[in-house]
Each structure stands twice: as structure tokens, then as C-alpha cells.
Amino acid sequence: MQQASGQALLEVENLVVEYAVGGKTVHAISDVSLTVGRGETLGLVGESGCGKSTLGRAVLQLRRPTAGKVIFDGTDLTRLAGEALRLMRPRLQLIFQDPIASLNPRRRIGDIVAEPLLITGVADRAERERRVHEVLVAVGLDPDQTRGRLPHEFSGGQCQRICIARALILEPQLVICDEPVSALDVSIRAQILNLLEDMKGRYGLTLLFIAHDLAVVKAVSDRIAVMYLGRLCEIAPTGQLFAQPAHPYTRLLLDAIPVPDPAVRPALNVPVGEPPSPIAPPTGCRFRTRCPRADALCAEEKPELRPVRGGQFVACHHPLIDSSAPMPANTRPQ
Amino acid sequence: MAALEGQARRGPGVLFFAALAWITLIVLAALCAGMLPMPGPNDMDMLSRRALPGGAHLLGTDSLGRDTFSRLIHGARISLTVGLLAPVIAVLIGGSLGMLAGYFRGRFEILATGGADVLLAFPPLVFALAVTAYLGQSIQNMIFVLGVLGIPAFTRVARAVTLSLSEREFVVAARALGATHARILIRELLPNVALPLLAFFLLAVAVTIVAEGALSFLGLGVPPPAPSWGSMIGEGRESLDIAPWLAFLPSGIMFVTVLSFNLVGDTLRALTDPRASAL
Amino acid sequence: MSSAALLSIEGLSVALPTPRGRLLAVDQVDLTLAPGRTLGIVGESGSGKSMLARSVLQLLPKRAEFSGRVLFEGQDLAQLKPEALRRLRGPALAVVFQDPMTSLNPVLSIGTQIVETLQAHTGIASQAASRRAVELLAEVGIPAPEQRLRQYPHQLSGGMRQRVAIAIALSCEPRLLIADEPTTALDVTIQAQILDLLAREQQRRHMAMILITHDLGVVAGRTDEVAVMYAGRVVERAPTPVLFDRMRMPYTEALLAAIPKLDAAPHTRLPAISGRPPDPTRPLPGCSFAPRCGHVDERCLAAKPPLSALDASGGQYACWHPLQPVAVEGA
């Protein structure tokens with residue numbers, strides 16, 4: 001797998017997450033492998049049921065994988081438990097979709113943001129207050145106005161800033177953002193996305209950015225991975241993915257996005273169909289039930305991720321482009 | 001938007017404050033029972049048996065000439081002591097079990113809820129009879145019996161609230177920060193579970209007072225001559241045709257007290273409903 | 001124009017009492033809609049767009065204070081008796097809400113819900129109603145419609161449920177369909193299909209439609225006119241191509257600019273709108289957008305700009321300092 005500057009910070013190898021619901025098995029993630037380089041932002045897109053949120057939690061071991069490895073900075077997290085795992089936690093943090101539900105409604109903001117420091121044993125009160133003050137300023141909030149209040153006194157956007165502050169106060173290496181702006185108003189989304197970019201620069205973060213909105217992911221990511229029903233379809237540098245998607249599902253996603261320009265006609269040839277259930281995924285390629293290019297091979301054999309060119313990988317028997325196609329202008333392979 | 005749909009949340013009404021006032025009054029009276037200017041609860045004035053209210057005896061006397069008013073106040077001591085302490089046992093034990101069951105799930109939850117179900121299924125009167133038969137009648141034993149019988153209800157409430165909270169993002173966030181289970185239970189979950197438990201506690205107080213009354217009425221409570229509202233009702237039964245107030249007065253005071261606890265508990269429950277506070 | 005209008009909203013205001021004070025949800029809104037046309041209403045949360053939709057249907061909460069007129073085919077809906085209103089809902093006015101899980105009755109089968117609506121308004125026999133229900137489900141693109149009649153909402157996916165909700169809404173051939181964020185809760189590929197379905201049905205039945213959303217992209221290709229709402233007021237309204245071509249109100253322009261674009265380069269810094277949406281319990285004396293606007297001056301802080309008269313291209317705006325129209329090449 002291609003790597004960004006230096007060694008990869010996160011390597012997910014053959015990850016499988018399955019769990020039982022009412023007697024049936026949900027195949028949430030089936031054999032996913034990817035890497036995230038240091039200082040990189042990897043975007044992870046897919047629709048509901050594709051397993052992207054589960055992947056985020058599985059990386060953090062909040063949901064234990066059924067099989068596979070999660071190697072963070074050289075250590076396999078799947079082999080850690082109890083105290084050893086708890087000690088690793090400050091280095092990997094998570095930002096959630098619903099900012100208001102992510103805050104304890106009965107605790108004050110100052111306590112919430114200081115909590116990570118208490119958990120990791122920063123005993124000096126003055127030190128804690130200084131760091132809380134510093135991180136609240138960094139996320140664009142006024143500490144004096146914020147510390148003593150309760151979460152319900154703040155708007156969604158402000159709550160998300162508080163969550164970001166809490167995630168960053170321990171200066172983690174990796175931050176997994178699980179749909180951080182989906183629940184926010186359009187005019188606030190841009191603020192939070194800009195904030196995340198700023199924080200990434202300031203704290204030297206590596207981000208795994210999970211979202212269902214391709215345009216949002218494009219704005220912040222260096223590379224993008226597309227998931228469908230528990231498997232990876234395509235991984236590519238951002239520019240290449242949008243200019244020349246290789247996987248038919250990526251093409252479908254791109255065509256379906258409503259573009260705020262009346263001159264662009266909505267693509268009315270979007271095929272009818274819904275994603276199958278992760279309880280009984282199709283054999284072979286999971287996208288074949290909705291794919292215009294599917295044939296018998298797709299039903300028999302599961303496609304593996306294969307390089308196309310320039311850092312682009314696709315898992316498809318009949319990709320839209322192959323290595324003979326010229327590179328699109330204005331995109332450079334990393 | 002959801003808050004716009006509901007009605008503007010009214011604060012506690014007049015009834016709430018009236019109930020609170022009554023509770024305060026009765027608790028104060030019970031605490032100061034020894035100091036109040038009234039005859040002792042067991043002093044028999046044989047010349048004025050079954051007297052009507054008035055004169056030396058504010059509320060009259062019973063069949064043995066004992067001052068009703070004094071017995072009611074002293075009875076309040078017993079009813080309130082049992083009524084408050086038994087639910088305390090229940091909330092401490094039941095609440096903890098419920099929280100642990102709701103948080104850890106798995107086998108512990110099965111054990112805890114199974115145990116609670118067994119306790120619920122056990123006939124409470126038989127349990128009370130057994131305890132009084134083997135350990136005797138006393139306030140402590142009553143508190144023990146009613147406390148133990150109250151555990152399953154608190155287990156259920158605590159477990160339900162904890163279950164709904166455990167999957168909320170702020171708890172997952174705490175786990176992601178590396179908080180220990182103990183820390184999550186105490187710092188994240190407990191502040192949110194405490195208020196609903198408190199509201200339920202007050203309702204449990206009301207139920208326990210009635211239960212104590214029933215046990216005393218049946219003669220399983222504190223032994224005579226100590227007055228208790230329930231035993232007073234029991235004694236008043238014999239005089240229902242000639243002096244009905246002997247049974248109705250203790251019933252009335254128990255009714256008002258239980259109603260007050262119910263009102264306060266209900267109002268607190270409505271006020272601490274998390275949906276109402278989410279604006 | 002207003003004599004031909006199917007729906008004419010005049011001076012509509014809705015206020016709600018809340019624990020934090022009187023909330024002005026909708027503030028003096030005027031809108032018209034001709035038969036067979038689609039109006040898109042765009043706004044963020046708190047803009048009043050959902051309250052506006054509910055006002056048209058007269059489905060406001062009991063404590064709401066309502067003023068203004070809602071003229072549907074000449075009749076003021078606010079003045080109608082409940083029985084007359086009930087007869088209109090279904091055959092004349094229909095609605096599709098955002099969350100199909102709560103807008104469908106979870107304990108009744110799909111078939112029962114469609115048949116119920118049909119029988120209540122058209123009085124056809126139950127056999128005929130069942131057949132019509134199957135036809136409707138097929139029209140909205142649900143595979144194996146006969147089996148679906150017996151299924152319950154929880155057995156269907158979100159997209160399927162929304163199709164059922166649309167089928168119910170269309171069952172009595174309404175003349176006006178109000179879709180309140182019909183696709184917000186759905187995946188983007190399902191969203192495209194549902195929006196296509198609505199557009200198709202609207203064309204086929206010559207139905208007027210009001211499409212309410214927070215997404216400018218949704219209205220761009222699928223509406224004839226767009227009205228942008230902010231803090232309870234309509235701040236800009238124009239035929240769709242005109243609106244996107246030259247936005248007059250700074251909020252509309254800022255809203256469009258803040259959306260991450262598919263054709264932008266990666267890591268483009270988004271021009272965010274500073275500040276927060278206004279608190280509807282504390283209305284400002286001047287323009288509600290003033291605290292966040294880049295072109296604000298004293299006049300903006302002092303008085304609320306009214307919605308202007310129609311200009312040559314059919315647009316209206318509420319701004320003291322509208323953006324100058326950009327010279328357009330051959331539009």
C-alpha cells in the first residue's frame with residue numbers, strides 16, 4: 001500500500017467485525033485493509049450500512065473486531081486489553097456526529113473538557129485550568145463564558161467545538177471524526193470544517209474523516225476510501241477519485257449528489273435499487289445487485305483491491321478506468 | 001424543534017407547595033413530639049374514654065383514654081422513620097444493583113434481574129410474617145422487611161435509566177478517553193440516574209408508609225402500646241359504630257401524608273424529565 | 001397573477017409561547033404558487049420553513065398564535081371549519097414529512113394505511129381500494145407491491161418507507177403536495193431516487209409542489225422558484241435560474257459559498273458565515289442577518305428590510321444593500 005510521508009501511523013489489516021442481532025449475524029465489516037500516513041487526512045465515505053462508523057469504533061477498540069489487526073504506531077491494538085489499552089487511549093480520539101449527545105447534560109463544560117486530564121492523572125489544578133483555557137481559545141470559544149455553563153445552553157456548532165476541545169486537550173496523534181458536521185446547519189458546517197483543518201495544522205494531527213457527503217470529504221481529505229456494505233471499493237488521492245473514479249459505485253455516488261447549479265441536470269439515470277442488508281450480503285462483489293456492469297464473474301468471485309495507477313486502488317472486476325488511461329490534468333499522484 | 005411542540009413548562013404549582021408544607025409540618029411535629037405540650041401517648045385518662053375532640057384532648061381520646069392527638073404525632077414518628085429509612089435501604093442496594101446491571105449487561109444483568117424477579121414473586125406478607133415470627137416485632141425489623149421488599153423496584157428503575165444512558169455518545173466518549181468503569185459509573189452515569197431515582201424514592205416513601213400501616217393494622221408491626229397509624233386504625237375498628245373518628249383520624253392523616261409525598265415525587269419526576277430540559 | 005394562484009400566503013405570522021419567551025417562528029411571509037409549479041423553500045434550522053408548511057396545512061400546535069391568510073383556490077384555510085378542512089386534506093392538499101418512521105403508523109400494515117386514506121376520501125369499495133393501493137405502490141417504484149400490502153413499516157428500509165408515505169400522499173390525487181425535508185434522513189443515492197420520483201409524479205399529475213429543504217443543491221435542478229428563509233422571513237425569492245445566477249441577498253450568497261463544492265480543489269478553505277443563527281425568542285429590531293453580514297451598516301441594524309417588489313427577472317429580496325447583479329453572458 002502506498003504510504004504518505006514517513007511510516008504509516010495507522011494500519012488496518014484484514015479487519016472483520018461481525019455481531020449477532022436477534023439470532024442473525026450482521027457482517028458489518030468484511031476484510032478491510034487500509035493505512036493512514038502520518039499527518040494525512042483519509043476520508044472514508046459510504047452510505048448507511050456500509051460499516052464506516054463501525055470501522056471508526058473498531059479502530060478505537062470500542063467495538064472489538066472479530067478478526068484482523070489494528071496497528072497504531074507499531075502496536076497492535078487488538079492484542080491490548082484492560083490497563084494497557086486504557087493507557088493508549090489518549091493518543092487516539094474520536095469526535096461524534098451528535099455534538100449535544102456527546103456531552104454529559106449534567107456536567108459543566110469546564111469539567112467536561114478537563115476530564116481527560118483528570119483521567120490521565122494531571123494532578124495540578126492550575127495546570128489543568130491553564131490547559132482547558134488554552135484549548136477552548138484554540139477552538140474559538142471564550143473560556144470565561146463557557147466553562148461554568150451546561151451543554152444545553154449551547155448551540156450544536158458550539159457543542160461540537162467543545163467536543164473538539166475535549167478531544168484535543170491531550171494532544172492525540174490520531175483523531176477519528178465520525179460524521180462531525182452532518183447534524184449541523186449548513187452555515188455552521190463550513191466553520192467546523194475550517195476549524196478541523198486549523199487544528200490539524202496546529203496540533204500536527206492525522207485524521208480519519210468519516211462522512212456520507214462526498215463534497216464535505218473532498219474539502220478536507222488527502223485520500224479517500226469508498227466503502228460499500230462492509231468492503232472497500234476504491235481508495236485514491238482525492239483529486240483522482242473525483243476526476244476519474246474507477247469503481248461504478250463511486251460513479252453512482254458522484255452522480256447522485258445534488259449540485260447547487262440549475263444548469264447541471266440531475267442525472268436521471270440513477271438505477272433504482274436499495275443496498276442489500278448486511279445480514280445477507282450478496283456473494284462475490286457486494287455491489288453487483290445495483291451495478292450496471294455486473295456479470296457472472298461478479299457473482300462468483302470477490303474482487304480484491306488492485307492498483308490502477310498513481311496511488312489509486314479499486315476492487316472491481318470491470319473498473320471504469322484501467323492503467324492505460326491517461327492521468328487527468330491537475331492531479332498529481334502523491 | 002421538539003421543545004416547541006410541548007407546552008410551555010409550568011413550574012411547580014400551588015399543590016406542590018402545599019404538599020411540601022404538610023411534609024415539613026409533620027416531620028417537624030414528629031421530631032419535636034417529646035417537647036410538645038400534650039399528654040403522653042400512653043397516659044390513660046380513664047375518666048374520658050372515647051371523648052370527643054375538645055378541652056384537654058385536642059382530638060379526643062381512644063377506648064383506653066389515651067390522647068388521640070398525642071398518639072397521632074408519636075405515630076408519625078414511627079410511620080415516617082420506617083417510611084423514610086426502608087426506601088433508603090432499597091435505593092442504595094437496588095439502585096446500585098440496577099446501575100451495575102444496566103451498565104455491564106451480560107451475566108450480571110441476568111443474575112440481578114432474575115434475583116429481583118424472584119424477590120418480587122415472593123409473597124410479601126409471608127416474608128413479613130416469617131421475620132416477625134423468628135426475629136420479633138420491632139421498628140428495625142419492619143425497616144428491614146420493607147427495605148428488602150422495595151429492592152426490586154429500584155433495581156428495575158435504575159437499570160432502565162442506565163440502559164438508556166449507556167449507549168449515549170457522552171458515555172462512549174468517556175470510554176474513548178480511557179475512563180475506568182468506576183469513573184464512568186460515578187461521574188457520568190450517577191448524576192444522570194440520581195434525579196429519576198430521587199423522584200421514585202419519594203413515591204416509594206408514600207407506598208412504604210401505607211405498607212407499614214397495613215402491617216401494623218394486621219398486628220405485625222411495632223408491638224403495643226407504641227402508637228402507629230396503622231395500629232391505631234386497627235384499634236379504632238372496634239369502636240367504629242360509637243366513635244368512628246378513632247379510625248378515621250389516623251386514616252386521614254396517613255392519606256394526606258401519602259398524598260403529599262406522591263405529589264412532591266410526581267412533580268420532581270416531571271421536572272427532571274430530560275426531554276423537558278433539552279432546549 | 002394572484003387570481004390564477006393555487007396557493008396564496010398573505011402576511012403569515014406564527015408565534016409560539018416557550019419557557020424561554022415568545023418565539024416568533026414565522027414573520028410576515030407572503031408567497032404565491034401557481035398550479036403545476038414547484039416552489040423550493042430553503043432555510044436552516046430555526047428559519048421557520050417547517051412552521052410555514054404546517055401553517056398551510058393548519059397543523060400548528062394548539063398554543064400557536066397564528067395571523068395572516070392562507071388562500072387555497074380562493075378559500076382562506078384558516079377560516080374553514082375543521083370538517084371542511086379535513087375534506088381538503090388528502091384530495092387537495094397532501095404532505096410528506098421528513099421521517100417516514102414516525103409519519104407512518106407502526107402498528108398498521110402498509111395496505112391498511114393506504115386503503116384507509118383512499119376510503120376516507122373517495123369512498124371506494126375495499127376491493128377496489130386494495131387494487132388501487134397496489135397500483136400506487138408500483139407507481140412509486142416499490143418492487144413486489146402485493147406482498148408489501150401486508151408488511152409493516154419497520155420491515156421496510158428508510159427509502160421504501162418514504163416511498164410508501166409518498167404513495168399515501170398521492171393516493172387522492174392532491175392538487176398541492178408539500179414535501180418537508182423528504183430526503184434529509186436518507187442516503188444520497190436513495191435521495192436522488194426519491195427526488196426523481198417526486199419530480200416525475202409532479203409532472204405527470206400537473207401537481208403543484210412545495211419542496212422544503214436546507215440543501216440548495218436539492219432545489220437547484222428540481223424547482224421552478226426558490227424562496228430563501230432566514231429567521232422566519234423570506235429574504236429572497238426568485239425563479240430558480242435567476243436566483244442562482246445572481247443572488248441579491250448576502251445570506252443567500254454566503255449560504256451557497258459555504259457549501260463544499262464537488263468541483264473545488266481539495267483542501268479549499270470554505271468561506272464560512274461567521275456567528276450563529278439568531279435566537280428566535282430575541283428578535284432584533286433590524287435585519288436578522290445583520291450580526292453575520294459582511295455588508296452591514298446602521299440602516300441594517302435599525303430597521304427590517306421589507307421584501308422588495310418584483311424586479312424585471314421576477315426576483316424579490318429583502319435587503320437594504322442588495323448585491324449588485326453580476327453581468328451575465330447570454331443568460
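A:Leu60 touches chain B through its side chain: at least one heavy atom from C-beta onward sits under 4.5 Å away, while N, CA, C and O do not. Interface remark: A:Ile100 contributes no atoms to any contact with chain B (heavy atom separation under 4.5 Å).
Put simply, of A:Cys163, A:Pro90, A:Ala101, the one with the most heavy-atom pairs under 4.5 Å next to chain B is A:Ala101. Per-residue heavy-atom pair counts under 4.5 Å with chain B were compared for A:Gln61, A:Gln97, A:Arg107, and the maximum is reached by A:Arg107. Per-residue counts of heavy-atom pairs under 4.5 Å with chain A were compared for B:Gly178, B:Ala179, B:Pro191; the largest is that of B:Gly178.
Ion pairing of B:Asp117 with B:Arg156 is present here, as a side-chain N (NZ or NE/NH1/NH2) and a carboxylate O approach within less than 4.0 Å. Look at A:Glu115 and A:Arg166 and you find no salt bridge, because none of the NZ, NE, NH1 or NH2 atoms lies under 4.0 Å from a carboxylate O. Under 4.0 Å is where a charged nitrogen must lie from a carboxylate oxygen, and between A:Glu179 and A:Lys52 at least one such pair does. Classification of A:Glu171 and A:Arg91 as a salt-bridged pair fails, no side-chain N sitting under 4.0 Å from a carboxylate O. Ion pairing of A:Glu127 with A:Arg130 is present here, as a side-chain N (NZ or NE/NH1/NH2) and a carboxylate O approach within less than 4.0 Å.
Scanning for side-chain contact (heavy atoms from CB on, under 4.5 Å) contacts around B:Ala33 gives B:Ile73, B:His74, B:Arg77, with sequence neighbours left out.
Contacts from residues 21-29 of chain A to chain B, taken as heavy-atom pairs separated by less than 4.5 Å, involve no residues at all.
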